[in-house]
Amino acid sequence: MAISTVTHVVLTGGIGSRLWPLSRKTLPKQYLELFEGESLFEKTVVRNKNVSSKTIVVGNIENYKMSNAIMSKFSKPFTHIIEAVPRNTAAAIAFAAFASEPEDILLITPSDHIIEGKSSYTLALQQAIRLANQDYLVTFGIKPTKPETGYGYIEFDKENVIAFHEKPSSKKAENYLKKGNYFWNSGLFCFKAGRFLIELEKQEPEVYWASKTVWDANQDGFLDYDLSLNIPSISVDYAVMERSKDIKVVPAHFDWSDLGSFESVYDYLVQKGHPMDSNKNITIGTSLHTTFIGVKNCILIYTADALMVLQKENSQEVKQVYQQLESIASPLL
């Protein structure tokens, strides 16, 4: 493998609306110390520190102090890019690429995923870095364990991507699972900084040039609000990955969860020995004695100002509660 400078790019802009009321605008899920006493953000940095020689954190103005507090635990210096207003992942990754040398390999990871299986993860990264050195844009595919409707899918043939598919209906998801050549889209990427920028300019020139204007005007990593509003808000999947001809997919044989719903949080906590009753009901956030009668697979989530009970299979509907509260500008967000 050619020697490359690998930069770990941590994306920290998400709110985690499907984990309300635990996750709030003032304390998004990546900063919650729910997971064995560490935040997901800290776990992400630790997981990637040995493979990378540099770290870039891309986040927003609301989160950057929390990110700095976590990064201060590590002796290694890092670059912090602070967005004045969220403009989605295509722009966030572009900023990291503009802050890097063209030949630097960027390992892009969200800050709110759980990944376990260190040796499998390292092997997947090595494979991705090898392909990135050959000027491919690399994504990581997760083998589905169930017909999940909350994820996008990657249709593949070996390392080659046939097509990307949006979040499917239940029927389509079951069909993907039967066919066997569909991965979950993990949101992890690996490519050379310069190669990504070339592809972004080709596929979405407006995003490229507006992002470059914002980056060129940055003040110690802080980005200008008014200039940022000119950047179209587009995901990296739509802007680049779904359109480029130079995409490869690396199969991920490690355990992965984006903890994007209370169902996945439930599964993770139970796996780690979190107490549950005989009908597989659990509580999160309270040590009060709680009794469930006549219900199964339920989660009670307790915070100081909100209480929610849900059937774990209905976890995707939490986002609707969040949107309803957002529509009335509730202080509970």
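For this chain, numbers begin at 1 and follow the sequence in order. Scope of the values below: all heavy atoms of this structure, side chains included, with no hydrogens, waters or symmetry mates.
Every salt bridge (charged side-chain N to carboxylate O under 4.0 Å, His left out) that D305 has, sequence neighbours left out, goes to R24. Every residue two or more places apart in sequence or in another chain that forms a side-chain contact (heavy atoms from CB on, under 4.5 Å) with E317 is listed here: N314, Q320. Evaluation of the side-chain hydrogen bond (donor to acceptor under 3.5 Å, both in side chains) rule for D255 yields no partner, not counting sequence neighbours. Shown here are the salt bridge (charged side-chain N to carboxylate O under 4.0 Å, His left out) partners of D277, two or more places apart in sequence or in another chain: there are none. Qualifying side-chain contact (heavy atoms from CB on, under 4.5 Å) partners for F156, counting only residues two or more places apart in sequence or in other chains: N181, F183, V249. Evaluation of the ring pair (Phe, Tyr, Trp, His ring centres under 6.0 Å) rule for F196 yields F191 as partners, not counting sequence neighbours.
Taking 4.5 Å as the limit, some side-chain heavy atom of E103 sits within range of a side-chain heavy atom of K192. For the pair S170/K172, no side-chain contact is recorded, criterion being any heavy-atom separation below 4.5 Å from C-beta on. Using a 4.5 Å cut-off on side-chain heavy atoms (C-beta onward), F95 and I231 make contact. Residues D112 and D258 form no side-chain contact, since every pair of their non-hydrogen atoms from C-beta on lies 4.5 Å or further apart. Residues M276 and Y266 have side chains in contact (heavy-atom distance under 4.5 Å, counting atoms from C-beta outward).
Centroid-to-centroid, the aromatic rings of W256 and Y151 come within less than 6.0 Å. Aromatic rings of H274 and Y268 (six-membered ring for Trp) have centroids beyond the 6.0 Å cut-off, not under it.
Q134 contributes no side-chain N or O that, together with a main-chain N or O of Y136, makes up a donor-acceptor pair within less than 3.5 Å. Between the side chain of R195 and the backbone N or O of D135, at least one donor-acceptor pair lies under 3.5 Å. No donor-acceptor pair closer than 3.5 Å links the side chain of D157 to the backbone N or O of N160. Side chain of S111 to main chain of L11: a donor-acceptor pair is present (N/O by atom type, distance under 3.5 Å, no hydrogens or angles).
Shown here is E166, whose CD atom has no more than 12 heavy atoms of other residues, nucleotides or ligands within 6.0 Å. Within 6.0 Å of atom CD in E206, 12 or fewer heavy atoms from other residues, nucleotides or ligands are found, so the atom counts as exposed in its surroundings.
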Quiz: residues 139-147 side-chain donor-acceptor pairs under 3.5 angstrom, not counting sequence neighbours:
none

Show me the donor-acceptor pairs, under 3.5 Å and distance only, between side chains in residues 233-240 and residues at least two apart or in other chains.
residue : atom : partner : partner atom : Å
S235    : OG   : Y238    : N            : 3.2
D237    : OD1  : N185    : ND2          : 2.9
Y238    : OH   : R243    : NH2          : 3.1

Could you list the donor-acceptor pairs under 3.5 angstrom formed between side-chain atoms of residues 323-333 and any protein atom two or more places apart in sequence or on another chain?
residue : atom : partner : partner atom : Å
S327    : OG   : Q324    : O            : 2.6
S330    : OG   : L332    : N            : 3.0

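Counting side-chain heavy-atom gaps under 4.5 Å among Ile, Leu, Val, Met, Phe, Trp and Tyr, the cluster of L229 also holds V85, Y225. Hydrophobic cluster membership of L300, counting Ile, Leu, Val, Met, Phe, Trp and Tyr whose side-chain heavy atoms lie under 4.5 Å apart directly or via other members: F292, V295, Y302, L307, V309.
Minimum heavy-atom separation, V250 to A124: CG1-O, 3.8 Å. Across all non-hydrogen atoms, the minimal contact from N48 to T44 is ND2-O, 2.8 Å.
Side-chain contact annotation: S39 with E33, donor-acceptor N/O pair under 3.5 Å absent. Counting only N and O atoms by type, the side chains of S67 and Y31 include a donor and acceptor under 3.5 Å apart. S257 and H113 are not linked by any side-chain donor-acceptor pair at a separation below 3.5 angstrom, with hydrogens and angles left out of the test.
Within the structure, the ring pair (Phe, Tyr, Trp, His ring centres under 6.0 Å) test picks out the following pairs touching residues 58-77 (sequence neighbours left out): Y64-F222.
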